[in-house]
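Note that this is a predicted model, so its numbers are computed, not measured.
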Amino acid sequence: MDLLGNTQWAQTAPPALEMPSHQGATRADLVVVGGGITGLSAALHAAEAGLSVTLLEANEAGFGGSGRNSGHIIPTLSKPGPADLSAHWPGAGERFSRLVGGSAALTFSVIERHQIQCEAVNHGWMQPAHRPSRLGGLRQRQSEWTAAGLNCRMVEAEECAALTGTTYWHGGMLCPSGGHVNPLALTRGLARAAKGQGATLHAQSPVTKLDRPGTGGWRVRTAQGYVDCDWVILATNAYTQALWPGLRTSIVPVLNFQMSTEVLEPEVLDSILPADISVSDTHGDLYFFRKTKDGRLVSGCTLPNRSATAEQAKAQTQARIAEVFPQAGKREIAHCWRGQLGFTPDFHPRFHELAPGLVTAIGYNGRGMALGMAVGRDLARAAAGVPFKELDLPDGGKPRSLPFHSLVTQFAPLMMHWWRRKDARD
């Protein structure tokens, strides 16, 4: 079930770019570790800036979260708003808020500029309120993001129903710059674009070690050789391994299920999300929905048990679809897959200058598509010589391991019980 061939996205995405495994001793200005959205965006933007770039991916482009998610393009973070970011990172938080708010527009501009065929729909993203009491928080959130430069507005219950095709929600925050894509197709398209700009891309090339051979730069080792370089970008997020002390244990990987229904009848399809926006609401135990080019509904869930089965996830998601869109009824699930999300305890992503010439971004908390595109572009600026403190990414200092990380990882899904109780209360 973990193979990309079993996902909805692999059914319609263009074939993967041929990326040979790395062999021998090579040289580049920049090595990017990880072939997801962040890594490929960094490789593309660095190559466009004139750097020689080598990207090393352990499996294939999009194998991790970038090819497994639901494809929402969202110009906000999962929980923190601009006020939270400014308090958390005085000075840098304002710059980062602007980067986040512009991330969806950037994503669609990159898609257009490089003519990436990824089923892109730029009709907007909405966060609707599942209880009337959540509208107050959304109004505050909308006000903050507007002040940070994001074009977004509140919609009341009647317009919300018209946009979504259901009276389940009570209004919400609409961001016109958002939308949805086939995420695997976008990832593969970024790989082609990066290669077209001169980047060298390798699949099936897990990095085994980072070290300094005494030349002042970095040596990035693979099973069959190494790359000497001046800069390294680690872009592995929830699939991070033990390449750098404390990095893997600074986030909590959470197992998430995604799925798509059978093809819906035209009259039912037209009545669900008629504006073809993407939606993820105010539940802590998130409800999220979008349609696909071939007429399916995509949703999913996180279960409070790391040993949860696909059948359990399907049953819960089918119940949610029927609850929110009663006109759909119980729908057969055509494709079900799973992957890891990288969470942080405070829901703030992490950005680190680990050492001179070595930078990383990690802990996207389920918002890695548009954010990854923008972060990758900024990390490329670092490799091009912009000091880290001048980036739009707040410097998180050295990564800090979470105490009792293995236990936290094991029991983190149980937080779903707490979120569900909270979701049911005002």
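Side-chain N or O atoms of Gln127 include none that pairs as donor or acceptor with a backbone N or O of Ser280 at under 3.5 Å. At distances below 3.5 Å, at least one donor-acceptor pair connects side-chain atoms of Arg296 with backbone N or O atoms of Thr261. Judged by distance alone, with hydrogens and angles left aside, the side-chain atoms of Gln318 form a donor-acceptor pair with the main-chain N or O of Arg331 at under 3.5 Å. Side chain of Ser143 to backbone of Gln140: no donor-acceptor contact under 3.5 angstrom is found. A distance-only check finds no donor-acceptor pair linking the side chain of Ser177 to the backbone of Ala104 [under 3.5 Å]. Thr240 places a side-chain N or O within 3.5 Å of a backbone atom of Asn237 that can act as its donor or acceptor partner. Judged by distance alone, with hydrogens and angles left aside, the side-chain atoms of Ser278 form a donor-acceptor pair with the main-chain N or O of Gly179 at under 3.5 Å. A donor-acceptor pair is defined here as one N or O able to donate and one able to accept, closer than 3.5 Å; no such pair exists between the side chain of Thr222 and the backbone of Ser205.
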Intermediate values then yes/no, side-chain contact (heavy atoms from CB on, under 4.5 Å), Thr236 and Leu247 = CA-CA 10 Å; Thr236 49; Leu247 191 60; 5.6 Å; no
Evaluate the criterion side-chain contact (heavy atoms from CB on, under 4.5 Å) for residue pair Leu273 and Leu297; output intermediate values, then yes/no.
-> CA-CA 9 Å; Leu273 301 174; Leu297 187 63; 4.3 Å; yes
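Electrostatic pairing of Arg377 and Asp392 does not count as a salt bridge here, judged by no charged N lying under 4.0 Å from a carboxylate O. Note on Glu262 versus Lys330: no salt bridge recorded, every NZ/NE/NH1/NH2 to OD/OE distance being 4.0 Å or above. The pair Lys314-Glu311 meets the salt-bridge criterion, with a side-chain N (NZ, NE, NH1 or NH2) lying under 4.0 Å from an Asp/Glu carboxylate O.
Using modelled atom types and a 3.5 Å distance limit, the side chains of Gln312 and Gln316 yield no donor-acceptor pair.
Other residues, nucleotides and ligands place no more than 12 heavy atoms under 6.0 Å from the CD atom of Glu158. Within a 6.0 Å radius of CD in Gln327, other residues, nucleotides and ligands contribute more than 12 heavy atoms. For Lys195, the NZ atom is loosely surrounded, since the number of other residues' heavy atoms within 6.0 Å does not exceed 12.
For residues 71-117, the set of pairs meeting the ring-ring contact (aromatic ring centres under 6.0 Å, His included) definition, not counting sequence neighbours, comprises His88-His348, Trp89-Phe96, Trp89-His348, Phe96-Phe351.
Judged by a 6.0 Å distance limit and a 45° cone about the ring axis, Arg68 is positioned over the six-membered ring of Phe63.
With values rounded to the nearest 0.5 angstrom, Leu174 atom CG is found 10.0 Å from Met154 atom CE. Taking CE of Met369 as the reference point, atom OG of Ser70 lies at 9.0 Å (rounded to 0.5 Å).
Between Tyr287 and His283, the angle of the ring planes stays under 30°, which puts this pair in the parallel group of the 30/60° scheme. Below 30°, between 30° and 60°, or above 60°: for His22 and His202 the angle between ring planes is above 60°, a perpendicular geometry.
Residues His180 and Val298 form no side-chain contact, since every pair of their non-hydrogen atoms from C-beta on lies 4.5 Å or further apart.
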